[in-house]
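So the structure is just underneath, and the comments pick up after that.
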Amino acid sequence: MWDKVRSFASDFFVTGDPLIYGADAAIVLTLIAIVAGLTYFRKWKWLWREWLTTVDHKKIGIMYILSAFLMLFRGGVDALLMRAQLTVPEFDFLKPDHYNEIFTTHGVIMILFMAMPFMFGLFNVMVPLQIGARDVAYPFLNALSFWLFFSGAMLFNLSFVIGGSPDAGWLAYPPYSELMYNSGPGQDFYIWGIQISGIGSLMTGINFIVTILKMRAPGMKLMKMPMFPWSVLSSCIAIIFSFPILTATLALLFLDRYAGAHFFTLDGGGNPMMYINLIWMWGHPEVYIIVLPAFGIFSEIVSTFAKKKLFGYKSMVYAMMIISILSFLVWAHHFFTMGSGADVNAFFALTTMLIAIPTGAKVFNWLFTMFRGRITFETPMLWTIGFIPCFVTGGLTGVLLSVAPADFQFHNSYFLVAHFHHVIIGGVVFGYFAGLYYWWPKLFGFKLNERIGKWAFWFWNIGFYCCFMPQYVLGLMGMTRRVVTYGWDKGWWEMNLVSTIGAVLMGVAFLIQVWQIAHGFKHREVNSDLTGDPWDGRTLEWSIPSPAPHYNFAVLPEVSSQDEWWERKQRGARGEQSGAEAAKIMPIHMPKNSGIPIIISACWFVAGFGFVFHWIGFIVAGLAGIAISMLVHSFNYDTDYYIPVDEIEHTEAEARKGRVIA
Ligand code: HEA
Ligand code: HEM
Ligand SMILES: [Cu+2]
């Protein structure tokens, strides 16, 4: 009996490494603790009603950001494990197979399940507030997008516990990702995890384009819109053109693996380079998709904390739109070494270098905005200032990589690893942190402790340079990416040791941030933001109380200028409601909560799981569940309600008194 159980367990669960056993046990225990806690405190109903079925963009945004933080933890643990392994030569801490799995899951999780949801979270919490809208264009679809992302992310993470993780790199190049070389379920978890969440991302792109084009407050012409929604628009345009390519590419890989097709294998007439072209046609725009919104955030923060109008508003808009378009014309810089010839390489080298121009224009605009401003150095501004040297270094080394002949030397070396961590951490991660710190009071109604925040900032920065600067040198010394270890004779160990110390400092920085958030919630009463406008802001989100009421604006604002709220303050407004405005309050039309999005996504999870293990029952049940849920939803005509005027008046009065209203 026991033998049977043991052999089933060893087939089904990942075995062989005590490290993985330990992590599995930790995950199971945490899950049990969460379920027990919710049951003990009788919170299930509350969770379902307030969060799991919500269509409120602010709550959806918070759930995205929370998931991103969890994934940052997971991806960060992966990073620390890799750095631990590389600390000294000939170290035997991670087995080579395990190392392959870890850099793969680290890359996928950080880009797709950390950066993307963090970004979508910020879109959700702020775009409607900044453009003076009451929700996104399609609130139901928005909830569905979130739950699809969540299901996809969970399915991907499940590979760690059941079946084994993918190990073919974050972009799963064939032939290694083909069935012949990679028969375990890891690669299938990869395909289905990303497919399911990718559909959610595409829908979010559509949703925000429509929201921004159609739902702006009266008077807000496009050229009067704040910079963050502009950056969201440029990013979403890239999403709607690139994510379908990803979906198609993974579908072809799926056919190769499941149906014996030969799209990407040389035998049978296929070609792995086709995959590599396709995946980068998505992969390159993807890195700009995540960095453009960070540019928008920096623009908002720089003008707020320099107390100046943003320098070069129009050029910022054009620069982002140009980057969004150019990002589709550079993909082949990721494989200059493929052998496509000097003319092709020259074309892609030039288009790549062109991107430095609009990006540089933005950097100078931020600097000019700060020039002669009355700058104050609260945490959002610190992150913005910290971003500039870090991102510029990463950007400039990117331009070095874009020199095709030189790239024959740099390609797949630690020089490349250093480049992209510079732009991604300096640009994307610092940008989203800046945004989170900036908008935190609006989201939760209290300010975070600045002192702890500054500690986190310095740990991140010092750790960052310690970790990634040596890697440029290591790359030039010949250290290639994805190596599990190296010899004493190489002379690489000192630099690797410094790099690992840097990674540990960043780990500490993350823990400080978690502490800062916990500390913030503990002392929320003392630090509550009664003003609604803690940073003396410029845009509409600061004109309403913190946290924003669930309908956002009691009366939709009339907009006549780029920095609408700032201009109003110059005219004497202070966030109170004028009598004339109060008289304009009308019943507000709102969408009703729905359980369908989470149910559809759970069905996708079941179907995805079935696809991974080739279990027809699961596939049929999952797909049937999806079809039935869609049918039920299409016959549901009871999807909206009105908030009566007296309820709005009451909420407004309470909120302006500074009390938190549930
Ligand atoms: C947010 C993510 C992000 C961003 C913004 C960028 C930005 C850029 N990247 Fe990078 N890149 C990645 C993420 C990113 N990259 C990733 C993840 C990979 C590796 C993937 C993998 O293989 O796994 C990669 C790989 C990569 C390669 C492939 C190398 C190889 O595989 O051998 C190349 C080659 O051209 C490149 C170039 C560039 C360039 C030119 C920019 C430019 O956009 C930078 C522009 C910015 C500046 C230049 C700085 C500011 C400008 C000024 C101050 C003006 C003055 C400057 C000049 C006139 C030069 N990148
Ligand atoms: C927090 C600090 C981080 C550290 C210490 C770190 C460390 C590493 C290491 C050691 C590797 C493997 C290098 C190799 O063996 O080739 C790696 C790869 C990678 N990292 Fe990070 N990383 C960090 C953050 C991030 C973030 C925030 C992102 C993206 C949002 C990211 C994206 C990637 C990607 C895409 C790869 C390539 C994976 C592959 O080769 O398939 N990293 N990182
Ligand atoms: Cu690229």
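Whatever order the structure lists ligands and atoms in, that order sets their numbers, starting from 1. All residue numbers in this chain count up from 1 along the given sequence.
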For ligand 1, indicate whether the residue I355 contacts it via side chain, backbone, both or neither (heavy-atom separation under 4.0 Å).
side chain
Are H334 and H411 linked by a side-chain donor-acceptor pair shorter than 3.5 Å?
no
Contact table ligand 2 N or O to protein N or O, d under 3.5 Å:
residue  : atom   : partner : partner atom : Å
ligand 2 : 15 (O) : Y99     : OH           : 2.7
ligand 2 : 15 (O) : Y414    : OH           : 3.2
ligand 2 : 15 (O) : R482    : N            : 3.1
ligand 2 : 16 (O) : R482    : N            : 2.5
ligand 2 : 20 (N) : H106    : NE2          : 2.8
ligand 2 : 20 (N) : H421    : NE2          : 2.8
ligand 2 : 22 (N) : H106    : NE2          : 2.9
ligand 2 : 22 (N) : H421    : NE2          : 2.9
ligand 2 : 40 (O) : R481    : NH2          : 3.0
ligand 2 : 40 (O) : R482    : NE           : 2.7
ligand 2 : 40 (O) : R482    : NH2          : 3.0
ligand 2 : 41 (O) : W170    : N            : 2.8
ligand 2 : 41 (O) : R482    : NH2          : 2.8
ligand 2 : 42 (N) : H106    : NE2          : 2.8
ligand 2 : 42 (N) : H421    : NE2          : 2.9
ligand 2 : 43 (N) : H106    : NE2          : 2.9
ligand 2 : 43 (N) : H421    : NE2          : 2.8

Should we count CZ of F73 as having more than 12 external heavy atoms under 6.0 Å?
no
Would a 4.0 Å cut-off, counted as strictly less than, catch a protein heavy atom around atom 4 (C) of ligand 1?
yes
What's the verdict on ring pair (Phe, Tyr, Trp, His ring centres under 6.0 Å) for F298 and F387, showing C-alpha distance, side-chain angles and the deciding distance?
CA-CA 9 Å; F298 293 130; F387 139 82; 3.7 Å; yes
Can you classify the ring geometry of F118 versus F69 as parallel (below 30°), tilted (30 to 60°) or perpendicular (above 60°)?
tilted
Is NZ or CZ of R74 both nearer than 6.0 Å to the six-membered ring centre of F160 and within 45° of the ring axis?
yes
If you scan protein heavy atoms around atom 49 (C) of ligand 1, the nearest is G395 CA, 3.9 Å
Just need the protein heavy atom nearest to atom 14 (C) of ligand 1, so name the residue and atom and give the distance.
V423 CG2, 3.5 Å
In terms of atom number and element, which parts of ligand 1 are under 4.0 angstrom from non-hydrogen atoms of I424?
1 (C), 2 (C), 17 (C)
Any nitrogen or oxygen of W280 lying under 3.5 Å from a nitrogen or oxygen in ligand 1? Just yes or no.
no
Can a non-hydrogen atom of F348 be found less than 4.0 Å from any atom of ligand 1?
no
Report the residue from T352, T351, I355 that forms a side chain to side chain contact (heavy atoms under 4.5 Å, CB included) with L329.
T351
Closest non-hydrogen protein atom to atom 28 (C) of ligand 1, residue and atom name please, with distance?
H333 O, 3.4 Å
For atom 37 (C) of ligand 1, the protein heavy atom that lies nearest, with its residue and separation
G398 O, 3.3 Å
To which protein heavy atom is atom 51 (C) of ligand 1 closest, and what is the distance rounded to 0.1 Å?
G360 CA, 3.4 Å
Is it true that T249 and Y275 share a donor-acceptor pair across their side chains at a distance under 3.5 Å?
no
Hey, what's the ring geometry for F123 with F120, parallel, tilted or perpendicular (30° and 60° as the breaks)?
perpendicular
May I ask you to decide if A349's main-chain N or O and H333's side chain share a donor-acceptor pair within less than 3.5 Å?
no
Show, in sequence, the C-alpha distance, side-chain angles and deciding distance for S315 and N365, and conclude whether the side chain to side chain donor-acceptor pair (under 3.5 Å) test is met.
CA-CA 9 Å; S315 65; N365 281 342; 2.9 Å; yes
How are the rings of F311 and F368 set relative to one another: parallel (under 30°), tilted (30 to 60°) or perpendicular (over 60°)?
tilted
Under 3.5 Å, is there a donor on one side chain and an acceptor on the other for T105 and D78?
yes
Quick check on W331 - does any of its heavy atoms sit under 4.0 Å from an atom of ligand 1?
no
Which is it for H419 and ligand 1 at heavy atoms under 4.0 Å: side chain, backbone, both or neither?
side chain
Polar contacts were defined as any N/O atom of the residue lying under 3.5 Å from an N/O atom of the ligand; does this apply to N412 and ligand 1?
no
Which of W455, F457, Y437 passes side chain to side chain contact (heavy atoms under 4.5 Å, CB included) with Q513? It is Y437
No-hydrogen, no-angle side-chain donor-acceptor test under 3.5 Å, E286 and S242:
no
Just let me know how V399 lines up against ligand 1, side chain, backbone, both or neither, with a heavy-atom cut-off below 4.0 Å.
both
Tell me which protein heavy atom sits closest to atom 16 (C) of ligand 1, plus the residue, atom name and distance to 0.1 Å.
F420 CB, 3.1 Å
If only atom types and distance count, is the side chain of S235 paired as donor or acceptor with the main-chain N or O of I289 below 3.5 Å?
yes
Contact check, W170 vs ligand 1, heavy-atom distance below 4.0 Å:
yes
For the Cu ion (ligand 3), which protein N/O/S atoms fall under 2.8 Å? Skip waters.
H284 ND1, H333 NE2, H334 NE2
Relative to each other, are the rings of F468 and H422 parallel, tilted or perpendicular (30° and 60° limits)?
perpendicular
If we ignore hydrogens and angles and just use 3.5 Å, is the side chain of Q187 paired with the main-chain N or O of E178 as donor and acceptor?
no
Would you mind checking which non-hydrogen protein atom is closest to atom 59 (C) of ligand 1, with the distance to 0.1 Å?
L396 CD2, 3.9 Å
Within the 4.0 Å heavy-atom shell around D407, which atoms of ligand 1 are there?
29 (C), 30 (C), 32 (O)
Have a look at ligand 1 and work out which part of Y288, if any, has a heavy atom under 4.0 Å from it: side chain, backbone, both or neither.
side chain
Does Y438 have its ring centroid less than 6.0 Å away from the ring centroid of W383?
no
Might you confirm whether atom CZ of F459 has over 12 heavy atoms from other residues, nucleotides or ligands at distances under 6.0 Å?
no
Can we call the ring centroids of F254 and W192 under 6.0 Å apart?
yes
Is R481 in contact with ligand 1, taking contact as a heavy-atom separation below 4.0 Å?
yes
Check ligand 1 against S402 and write out every atom of the ligand that is under 4.0 Å from a heavy-atom position of the residue.
34 (C), 35 (O)
Select one of side chain, backbone, both or neither to describe which atoms of V287 lie under 4.0 Å from any atom of ligand 1, heavy atoms only.
both
Verify the distance criterion only: is there a donor paired with an acceptor across the side chains of W230 and Y313 at less than 3.5 Å?
yes
Nearest non-hydrogen protein atom to atom 31 (O) of ligand 1, with distance, is H411 ND1, 2.9 Å
May I ask you to check whether T359 has an N/O atom sitting below 3.5 Å from an N/O atom of ligand 1?
no
